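Here the structure is a predicted model, which means the values were calculated and not measured. Residue numbers begin at 1 in each chain, while the letters A, B, ... track the order of the sequences.
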2 protein chains.
Amino acid sequence: MARKSSTLDPQRLDNQICFAVYSAAHAFNRVYKPLLDRLGLTYPQYLVMLVLWERDDVPLKEIGEKLFLDSGTLTPLLKRLEAAHLVKRTRSSEDERQVLIALTPQGHALKDKARSVPQSILAASDCSVSELVAMKDEIVALRDRLNAVIGE
Amino acid sequence: MARKSSTLDPQRLDNQICFAVYSAAHAFNRVYKPLLDRLGLTYPQYLVMLVLWERDDVPLKEIGEKLFLDSGTLTPLLKRLEAAHLVKRTRSSEDERQVLIALTPQGHALKDKARSVPQSILAASDCSVSELVAMKDEIVALRDRLNAVIGE
DNA sequence: TCACATTTAATTGTTCGCAATTGAATGTCC
DNA sequence: GGACATTCAATTGCGAACAATTAAATGTGA
């Protein structure tokens with residue numbers, strides 16, 4: 001009883017939820033890799049395409065808010081998507097500060113090719129949809145609490 | 001009923017557990033940042049230190065297995081920790097292929113300074129320990145299932 | 001209108017993360 | 001013992017991720 005049980009030691013790697021999340025994110029990335037290679041996308045690029053497939057012609061700023069990414073990450077990423085002829089970047093005529101991101105026909109067409117990706121991920125998760133939804137909601141709630149702290 | 005409800009659309013960003021995990025990992029990183037800045041560590045460097053604080057004089061390979069990272073990531077990271085005088089890298093005399101990572105006195109001493117980090121994270125999570133442990137176990141189980149698929 | 005603050009992207013520099021390759025050390029099989 | 005495969009770390013190249021800075025466009029208040 002004198003020595004703290006290792007299963008309760010908050011400084012142990014295996015007891016840290018952040019490492020669980022960190023390593024799960026990398027595991028997801030590795031599962032996505034071969035699926036997205038066929039689409040010519042990286043995972044963050046795929047996330048941007050998901051945003052655009054929901055709504056086209058979105059300001060860079062708004063993509064950043066949805067994905068929690070800033071222009072330092074998105075500007076070069078979007079330039080790569082533009083070089084791949086999947087999106088077009090244009091300055092807004094109403095507000096020259098904003099850059100609007102629009103899908104090209106190829107970018108729009110890619111949505112169909114990507115349709116099988118989620119079910120491949122579901123299969124790899126080896127888990128029921130309802131369990132995954134419950135976990136997702138818990139993780140999102142945790143993320144939002146963390147982000148609330150960052151804003152002070 | 002003809003149109004699929006958006007809350008069930010698997011191609012919607014908000015319905016993807018992987019994005020929840022991805023964005024939660026980044027949120028954790030942002031919460032850790034100011035805490036680890038005081039220790040002069042990045043989050044992946046902190047993970048390596050957690051491994052070494054549990055057991056010293058560990059082969060690079062073993063650190064990689066615990067953190068799911070390869071030498072391409074760890075070699076430069078460990079060189080930075082060595083430059084910061086927190087670890088020492090030596091070739092094993094028994095097997096010259098292996099590099100053993102050992103804590104310096106400063107590296108060992110940093111454990112005490114890092115003791116308050118987990119409770120700061122717990123506070124930011126705004127969640128009970130038992131809830132976090134339950135979530136952690138679920139996420140680890142998911143991660144392990146995903147990693148099992150990668151190995152084919 | 002003019003001075004000043006705010007907003008927005010882009011840029012720069014550092015660190016991860018990983019695939020692919022290289023090279024050295026070790027293990028195995030004949 | 002020698003040919004061969006395997007293991008392990010290091011290296012190279014590319015794409016995030018983010019802090020900090022810069023520059024241009026817009027908003028605001030005297």
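- A donor-acceptor pair under 3.5 Å is absent between the side-chain atoms of T75(A) and the main chain of G72(A), judged by distance alone.
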Heavy-atom protein contacts under 4.0 Å, nucleotides 7-20 of chain C, coded B base, S sugar-phosphate only, - none: BSBBB---SSBB--
When you look at Y43(B) and F28(B), which way does the ring pair (Phe, Tyr, Trp, His ring centres under 6.0 Å) test go after all the steps? CA-CA 9 Å; Y43(B) 182 67; F28(B) 267 120; 8.2 Å; no
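- Distance M49(A) CE to dA16(D) P: 13 Å, rounded to the nearest Å.
- The CG atom of D37(A) sits 12 Å away from the P atom of dG15(D) (whole-angstrom rounding).
- With a 6.0 Å radius and a threshold of 12 heavy atoms from other residues, nucleotides or ligands, K136(A) has its NZ atom above the threshold.
- Residues Q119(B) and P10(A) are not in side-chain contact: their nearest non-hydrogen atoms beyond the backbone lie 4.5 Å or more apart.
- Taking the salt bridge (charged side-chain N to carboxylate O under 4.0 Å, His left out) definition, one finds that K33(B) meets it with D37(B), sequence neighbours left out.
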